[in-house]
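Only one structure is covered here, and it is reproduced in the block below.
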Amino acid sequence: MARDYNAAVAALNTLQSNFSIVDAIRKSGRGMNQNAIPEMIEWVKRIGYEPSDFDKLNAIHIAGTKGKGSTSSFISSILYQYTKSSSGNAPRKVGLYTSPHLRFVRERIQINNQPLSEETFAKYFYETWDRLEASAAAANHPNPSSPDTKPVYFRFLTLMAFHCYMSEGVDAAVIECGIGGEYDSTNILVKPSVTGVTSLGIDHTAMLGETIDSIAWHKAGIFKPDVPAFSAPQPEGAVQVLQQRAAERSTTVDIVATHPALDSIKLGLAGDFQKINASVAIATASAYLQQQGHTDMPSPNDGSALLPEPFRIGLEQVRLGGRCEIRHDPAHNLTWHIDGGHTLESIEMAGRWFASLIQHPSTTSNLPRILIFNQQTRDASSLAMRLHTTLATALNNRRPFTEVIFCTNTTYASTGFRPDLTSVNTNAADVEALSVQHELAKTWAEVDPDAKVSVVKTIEEAVVLARTAGTVGTAGTTVSDGAHSSEDVKVLVTGSLHLVGGVIEVLESEVEEAARSRTT
Ligand SMILES: Nc1ncnc2c1ncn2[C@@H]1O[C@H](COP(=O)(O)OP(=O)(O)OP(=O)(O)O)[C@@H](O)[C@H]1O
């Protein structure tokens with residue numbers, strides 16, 4: 001069988017824990033596996049490394065509830081600007097390891113802001129895979145190719161990313177934690193160059209505990225002796241926990257305020273909250289560069305200093321899909337507003353961002369405003385209600401959406417079966433019965449009986465429905481009527497990064513298909 005990218009993704013998918021296992025862990029209240037780090041170290045050894053080998057990567061290790069992906073992307077984008085410098089102490093290759101992915105699993109492992117190519121992904125995938133089987137064979141395992149000779153999905157990808165970065169000579173690796181910090185697979189790092197904690201909130205409570213303090217305890221587990229640590233502003237109790245944990249680990253944590261230079265920088269990621277993510281990125285990137293001998297750095301914790309030009313460019317040029325992203329769809333008179341918020345705090349941020357775009361008096365026309373929403377595994381109704389309240393408040397009790405579409409995260413992309421988008425972490429029976437979606441529809445109808453609420457199964461159907469609603473308009477007038485021609489219909493897609501990934505997949509596939517048919 002060919003050992004290409006598609007085969008690698010199919011093999012990787014066999015390592016996903018199925019829904020019943022994930023659900024049992026969630027319900028057991030057992031919390032995180034406290035043996036996770038010794039177990040992960042064992043896997044590291046099986047692929048031929050000692051954890052301290054990864055000191056070479058000069059990792060910038062990022063934990064947090066919200067903003068890890070954005071902050072990590074800002075850091076990578078800033079440091080990438082320095083790879084262009086001729087200075088001897090500039091990084092040459094910047095790694096970025098994030099999760100989850102939107103369209104392609106290879107988005108998770110980047111070098112110099114580019115996802116690994118399909119060929120490079122397959123190469124490091126099979127090297128990691130083969131080393132694990134060889135180590136099982138050496139230990140006289142009766143069947144070295146059986147599943148128990150490999151770790152689960154996220155652990156495998158972490159091993160593979162570290163192996164790839166070591167082999168490619170990455171000298172600044174931005175590593176985002178998966179869940180928590182103390183027991184996260186990435187926390188095998190012995191001596192990162194700097195650590196950062198982004199905004200904390202309530203999420204993954206079955207594993208991290210119910211309170212901000214216990215969540216802070218887990219996230220602070222990435223602090224290391226004598227390694228500088230930075231944090232976004234946090235609620236009082238959480239700051240104390242972070243400081244105490246830092247002291248136990250023989251370091252200190254600096255709480256970073258919004259950097260004043262950001263008043264005059266247009267960040268590449270929209271949304272007010274990105275300023276705090278960018279500020280944590282500025283502090284951590286400065287600390288990394290100072291350690292490498294850059295003397296012209298702003299002091300990482302001195303918010304009054306001006307920013308060097310590569311910082312400004314990096315902050316402006318950063319790209320990350322599905323975070324307050326706007327896509328115009330002129331063929332359908334639509335604008336897509338796409339944000340993967342999926343906790344109470346982040347759905348509120350997404351709501352405020354969308355409200356800020358529709359609050360203007362010129363947008364108070366009777367054009368449809370459409371929501372596409374799903375959240376398959378968390379408390380979907382509370383998230384939807386928080387979104388409703390945030391928008392209704394911001395709009396002085398005007399109806400947030402004329403049309404609301406609840407769908408699953410499933411896409412049957414016109415391009416065919418897409419193994420990158422397969423997730424077995426959801427309850428297949430729920431998806432089949434659309435039970436979450438019907439419950440959401442009921443809840444929404446209670447708070448807004450006049451909104452048109454629909455339930456559909458796939459993301460493609462939701463996209464088609466939104467476009468139809470957009471074209472017809474609420475009052476039966478077409479949007480392209482002269483009276484409305486300068487406006488478009490606004491669609492918000494939110495509730496889940498999987499949903500957002502699927503919508504982006506559908507929209508991008510159309511663009512790619514159109515480009516293909518132009519060239520043939
Ligand atoms: N500082 C922040 N405060 C509140 N919400 C935020 C913040 N940063 C990002 N978000 C929200 O969280 C969503 C995910 O952003 P991002 O990927 O940066 O965070 P993350 O911590 O990596 O999230 P996840 O662990 O869920 O992937 C965004 O779409 C946005 O809605």
(message) Treating Asp171 as the side-chain partner and Lys93 as the backbone partner, does any N or O pair qualify as donor plus acceptor under 3.5 Å?
(response) yes
(request) Scan side-chain atoms only and decide if Gln290 and Ser286 contain a donor-acceptor pair under the 3.5 Å cut-off. (result) no
(message) Is the distance from the ring center of Phe125 to that of Tyr5 below 6.0 Å?
(response) no
(message) Would you say Gln110 and Asn113 are linked by a side-chain donor-acceptor pair, where the criterion is simply a distance under 3.5 Å?
(response) no
(message) Checking side-chain polar atoms at under 3.5 Å, does Trp336 have a donor or acceptor matched by the opposite partner on Asp329?
(response) yes
(request) Might you work through the side chain to side chain donor-acceptor pair (under 3.5 Å) test for Ser517 and Glu513, ending with a clear yes or no? (result) CA-CA 6 Å; Ser517 54; Glu513 188 53 42; 5.4 Å; no
(message) Using the rule given for side chain to side chain donor-acceptor pair (under 3.5 Å), can you reason through Ser70 versus Ser73, listing the C-alpha separation, both sets of side-chain angles and the distance that settles it, and then say yes or no?
(response) CA-CA 5 Å; Ser70 308; Ser73 301; over 6 Å; no
(request) Could you tell me whether Phe54 and Tyr49 have their ring centroids closer than 6.0 angstrom? (result) yes
(request) Give a yes or no answer on whether the side chain of Asp184 reaches the backbone of Ile179 with a donor-acceptor pair at less than 3.5 Å. (result) yes
(message) Less than 4.0 angstrom from a charged side-chain N to a carboxylate O is my criterion; do Arg3 and Glu118 meet it?
(response) no
(message) With a 3.5 Å distance limit and no angle check, can you tell me whether Tyr165 reaches the backbone of Leu96 through a side-chain donor-acceptor pair?
(response) yes
(message) Within the supplied structure, the quantity of interest is the number of heavy atoms (other residues, nucleotides, ligands) at a distance under 6.0 Å from Lys266 NZ; does it exceed 12?
(response) no
(message) Ignoring hydrogens and geometry beyond distance, is a side-chain donor-acceptor pair present between Ser509 and Glu512 at under 3.5 Å?
(response) no
(request) Indicate yes or no for a side-chain donor-acceptor contact from Gln292 to the backbone of Ala172 under 3.5 Å, with no hydrogens or angles considered. (result) no
(message) I'd like to know if the side chain of Gln81 and the backbone of Ile313 have a donor-acceptor N/O pair within less than 3.5 Å.
(response) no
(message) Using the rule side-chain contact (heavy atoms from CB on, under 4.5 Å), only one of Ile175, Thr186, Ile109, Asn187 pairs with Thr158; which is it?
(response) Thr186
(request) Decide, yes or no, whether a salt bridge links Glu508 with Arg327 under the criterion of side-chain N to carboxylate O below 4.0 Å. (result) yes
(request) Determine whether the aromatic ring centres of Tyr82 and His294 lie less than 6.0 Å apart. (result) yes
(request) Would you check if the side chain of His328 reaches a backbone N or O of Ile326 as a donor-acceptor pair within less than 3.5 Å? (result) no
(message) Rounded at 0.5 Å granularity, tell me how far CD in Glu325 sits from CZ in Arg323.
(response) 9.5 Å
(message) Assess, by modelled atom type and distance only, whether the side chains of Asn143 and Ser145 contain a donor and an acceptor separated by less than 3.5 Å.
(response) yes
(request) With Ile459 as reference, evaluate Val500, Thr410, Leu499 under the side-chain contact (heavy atoms from CB on, under 4.5 Å) test and give the passing residue. (result) Leu499
(request) Taking only Lys NZ, Arg NE, NH1 and NH2, and the carboxylate oxygens of Asp or Glu, determine whether Glu107 and Arg103 approach each other closer than 4.0 Å. (result) no
(request) Salt-bridge test for Lys123 and Glu127: reply yes if a basic N is under 4.0 Å from a carboxylate O, no otherwise. (result) yes
(message) Regarding Ser146 and Thr149, do their side chains bring together a donor and an acceptor under 3.5 Å, going by distance alone?
(response) no
(request) Taking only Lys NZ, Arg NE, NH1 and NH2, and the carboxylate oxygens of Asp or Glu, determine whether Glu42 and Arg46 approach each other closer than 4.0 Å. (result) yes
(request) Evaluate the ring planes of Trp129 and Tyr126, with Trp represented by its six-membered ring, and classify them as parallel (under 30°), tilted (30 to 60°) or perpendicular (over 60°). (result) perpendicular
(message) Using modelled atom types and a 3.5 Å cut-off, is there a donor and acceptor pairing between side-chain atoms of Asp339 and backbone atoms of Cys324?
(response) yes
(request) Would you verify whether the NZ or CZ of Arg108 falls within 45 degrees of the ring axis of Tyr97 while also being under 6.0 Å from that six-membered ring's centre? (result) no
(request) Could you tell me whether Glu182 and Arg245 have a side-chain N and a carboxylate O separated by less than 4.0 Å? (result) yes
(request) With sequence neighbours excluded, tell me which residues meet salt bridge (charged side-chain N to carboxylate O under 4.0 Å, His left out) with Lys224. (result) none
(request) Could you check if a side-chain atom of Gln437 sits within less than 4.5 angstrom of a side-chain atom of Asn374, using non-hydrogen atoms only? (result) yes
(request) Go through the steps for Thr408 and Gln376 under the test side chain to side chain donor-acceptor pair (under 3.5 Å), then give the verdict. (result) CA-CA 7 Å; Thr408 70; Gln376 203 65 43; 5.5 Å; no
